[in-house]
Amino acid sequence: MVKFYNTFTKKKEEFYPIEDKIVRMYTCGPTVYDFAHIGNFRAYVFEDLLHRFLEYIGYRVIRVMNITDVDDKTIKGAKKEGISLKEYTDRYIKYFLEDMDILRLKKPDFMPRATEHIKEMVQLIKKLLDKGYAYYKGNSIYFSISKFPNYGKLSGIDLSNVKIGARVDSDEYEKEDVRDFVLWKEAKEHEGVYWETEIGRGRPGWHIECSAMSMKYLGETFDIHTGGVDNIFPHHENEIAQSESATGKKFVNYWLHCAHLLVNGEKMSKSKGNFYTLRDLLSKNYNPVAIRYLLLSAHYRDPLNFTEKSLKQAENTVKNYNEFYQGLNICASEKNNPVIKQEIEKAKKSFIEGLSDDLNISFSLSSIFNFIKNINVFFSKGEFGKENVKEVKDFIEDIDRVLCIIEKKEESLPAEFLNLIRKREQARKNKDFVEADKIRDFLKQKGIILEDTPYGTRWKKIK
Ligand code: AMP
Ligand code: ZN
């Protein structure tokens, strides 16, 4: 039984998708005006874990992540460089996709761009106008929050003490109620970015983007919507209001939000300047797999304080884990140990049990580390057969479909080197240590280190 904490109901709930065996999931994606920082990637790594885990336990996941490629920041960035909006955002989309690859984030099935879905947004806004949920003020269009009684259910925000009609200086456009939010922004000639549409000349607001694109690809009601906690209000609250007003149906069944990545107790963010991009960390020679591991290994609803020290610790963990995996190239004994299979079954069960409980990754990881500890004991006692090597290797590769922290799949050696290792083992048995050392030195020159254990010889490539 899988359970998730649903921000909407504020409870951990059993998870049942609408359609058996299929999960439809939406993720708020990046605004492509700059490099994403690792705070953003905490959200994407959490969503990746969720995606991969659901697949691991047998669901087909249909997932959408939008790309916000038109807003104040992208327009400003393009203007500053004197290039088109498309040219500007294409560049940051490319970087984002590269970063996703580096962090081993699974590509969602659809990554729709806002600018390619203006038609869908216009249709949705028209529907809201027709049904009386939206109104024009000048040539901009607003959503009227007073028409949606459920407003605030997701975030628990109480807007009743915000005075209707109050004016807020930062509002660019006049609206009837200060709480209302913009659906469509009137064209500003100096920006030069607008669409001629049946609702007027302008560009969409941010919130309508996610409603239009999620419903286009996933239907009017879908299973899971994710984001960081900062998205809950107003963004997701507004998505619910627009979507449910337009369709008269429930928009999303499960809302999952991750806590922030912090720096010295404060949210990592562009505006505070306390951020690292992935590239900042790579240029300091940090291992990207360790960055993934660090972001992955804390529970998604717990704030995570980022320090370079914790990243170094993550590097060590990833290194040890991979050494264990790479060390499984042992020439083990012929005798199979049936207990190993039981250990694997136990570890797999705990791994799934942890993640099924609202993605309790700490539980899952500790079951894996315990497993490794136990296996190493069998190793050191020589109670480990050839078949066991394969079983353990298969298991580590199996859970790596979720964790993705194996550095390299099994390294192989050319047959001639493997033959030499065997020849050397024979030589050792015959007490021909001169020959054995000769082979060891030869392989060392080729970048292969040998380690003799009571139950066979392991090899390792030097990087
Ligand atoms: P943005 O580009 O600001 O819309 O953010 C993209 C995603 O990153 C959203 O899901 C945000 O909630 C999330 N996010 C932004 N900053 C952080 C942070 N410091 N920690 C975790 N998630 C974040
Ligand atoms: Zn969104």
Side-chain angles (χ1 to χ4, degrees), residues 7 25-51 63-74 77 89 92-93 95-96 99-100 103 105 108 110-114 117 120-121 124 154-155 181 183 204-218 222 224-243 251-252 255-278 291 294-296 298-307:
T7 311
M25 172 173 162
Y26 187 83
T27 297
C28 287
T31 305
V32 282
Y33 69 102
D34 202 346
F35 292 101
H37 57 71
I38 56 160
N40 301 125
F41 280 111
R42 178 179 196 196
Y44 302 128
V45 167
F46 138 65
E47 287 144 354
D48 187 65
L49 176 67
L50 175 60
H51 184 165
R63 180 159 165 228
V64 180
M65 180 196 277
N66 68 301
I67 305 248
T68 301
D69 61 350
V70 54
D71 79 323
D72 292 345
K73 289 183 234 161
T74 44
T89 54
Y92 289 105
I93 290 172
Y95 292 147
F96 182 72
D99 287 358
M100 279 185 91
L103 288 176
L105 301 176
F110 301 98
M111 295 186 79
R113 296 182 184 204
H117 293 76
E120 287 80 357
M121 295 182 218
L124 195 56
L154 177 75
S155 58
F181 60 90
L183 296 167
W206 172 39
H207 314 299
I208 197 72
E209 225 186 82
C210 286
S211 288
M213 294 198 272
S214 59
M215 292 198 287
K216 169 169 179 171
Y217 293 98
L218 302 174
F222 56 92
I224 301 181
H225 195 312
T226 60
V229 285
D230 55 326
N231 285 157
I232 299 174
F233 181 82
H235 184 48
H236 291 165
E237 199 73 74
N238 292 351
E239 279 188 45
I240 295 175
Q242 305 160 148
S243 309
F251 177 44
V252 168
W255 288 90
L256 272 66
H257 293 99
C258 75
H260 283 146
L261 186 68
L262 309 175
V263 181
N264 297 325
E266 277 197 291
K267 178 190 172 193
M268 180 180 286
S269 74
K270 283 268 157 61
S271 55
K272 291 203 179 84
N274 61 352
F275 65 91
Y276 292 91
T277 65
L278 183 58
I291 302 172
L294 178 66
L295 298 177
L296 184 91
H299 188 258
Y300 78 98
R301 287 196 292 118
D302 291 334
L304 172 63
N305 202 46
F306 176 80
T307 58

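Read the numbers this way: they start at 1 and go in the same order the structure lists the ligands and their atoms.
Residue A259 approaches ligand 1 through these ligand atoms, each under 4.0 Å from one of its heavy atoms: 21 (C).
For atom 21 (C) of ligand 1, the closest non-hydrogen atom on the protein side is G39 O, 3.0 Å. Protein heavy atom nearest atom 16 (N) of ligand 1, with residue, atom name and distance: K267 CE, 3.4 Å. Nearest protein neighbour of atom 6 (C) of ligand 1, counting heavy atoms only, is Y44 OH, 3.2 Å. Scanning the protein for heavy atoms near atom 2 (O) of ligand 1, the closest one is T31 N, 3.8 Å. For atom 19 (N) of ligand 1, the nearest non-hydrogen atom of the protein is M268 O, 2.9 Å.
Listed by chain and number, C28 SG, C210 SG, H235 NE2 are the protein N/O/S atoms closer than 2.8 Å to the Zn ion (ligand 2), with waters left out.
At a threshold of 4.5 Å between non-hydrogen side-chain atoms, the residues W255 and I232 do not count as touching.
Between H37 and ligand 1 there is a heavy-atom distance shorter than 4.0 Å. At a 4.0 Å cut-off, not a single heavy atom of F41 sits close enough to ligand 1 to count as contact. The closest approach between any non-hydrogen atom of A36 and ligand 1 is not below 4.0 Å.
For ligand 1, the polar-atom distance check against N40 finds a nitrogen or oxygen pair separated by under 3.5 Å. Polar contact check, G228 against ligand 1: a nitrogen or oxygen pair lies under 3.5 Å apart. By the 3.5 Å distance cut-off applied to N or O atoms, G227 is not counted among the residues near ligand 1. By the 3.5 Å distance cut-off applied to N or O atoms, D230 is counted among the residues near ligand 1.
You'll find the ring centres of F35 and Y276 outside the 6.0 Å limit. Taking the six-membered ring for Trp and the full ring otherwise, the centers of F96 and Y44 sit less than 6.0 Å from each other.
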Apply side chain to side chain donor-acceptor pair (under 3.5 Å) to residues H260 and D230 and explain how you reach the verdict.
CA-CA 8 Å; H260 283 146; D230 55 326; 3.3 Å; yes
Where do E266 and N274 land on the side chain to side chain donor-acceptor pair (under 3.5 Å) test, with the steps shown first?
CA-CA 9 Å; E266 277 197 291; N274 61 352; 4.9 Å; no
Please determine whether side chain to side chain contact (heavy atoms under 4.5 Å, CB included) holds for the pair W206 and D71, giving the CA-CA distance in whole Å, both sets of side-chain angles, and the decisive distance to 0.1 Å.
CA-CA 7 Å; W206 172 39; D71 79 323; over 6 Å; no
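Annotation: the span from N40 atom CG to C28 atom SG amounts to 12.0 Å, rounded to 0.5 Å. To the nearest 0.5 angstrom, L261 atom CG is 8.0 Å from N305 atom CG. The NE2 atom of H117 sits 2.5 Å away from atom OH of Y217, with the distance rounded to the nearest 0.5 Å.
The salt bridge (Lys or Arg N to Asp or Glu O under 4.0 Å) contacts involving residues 26-45 comprise nothing, where partners must be two or more places apart or lie in separate chains.
The option from N231, I232, L261, I38 that lies nearest to atom 9 (C) of ligand 1, judged by heavy atoms, is N231. In this structure, of A43, P303, S271, C258, the residue bringing a heavy atom nearest to atom 13 (C) of ligand 1 is A43.
Classified by interplanar angle (parallel below 30°, tilted 30° to 60°, perpendicular above 60°), the ring pair F181/H207 is perpendicular.
Checked by atom type and distance alone, the side chain of S211 never pairs as donor or acceptor with a backbone atom of I208 at under 3.5 Å.
A cation-pi arrangement is absent between K216 and F110, since the terminal nitrogen or guanidinium carbon is not both under 6.0 Å from the aromatic centre and inside a 45° cone about the axis.
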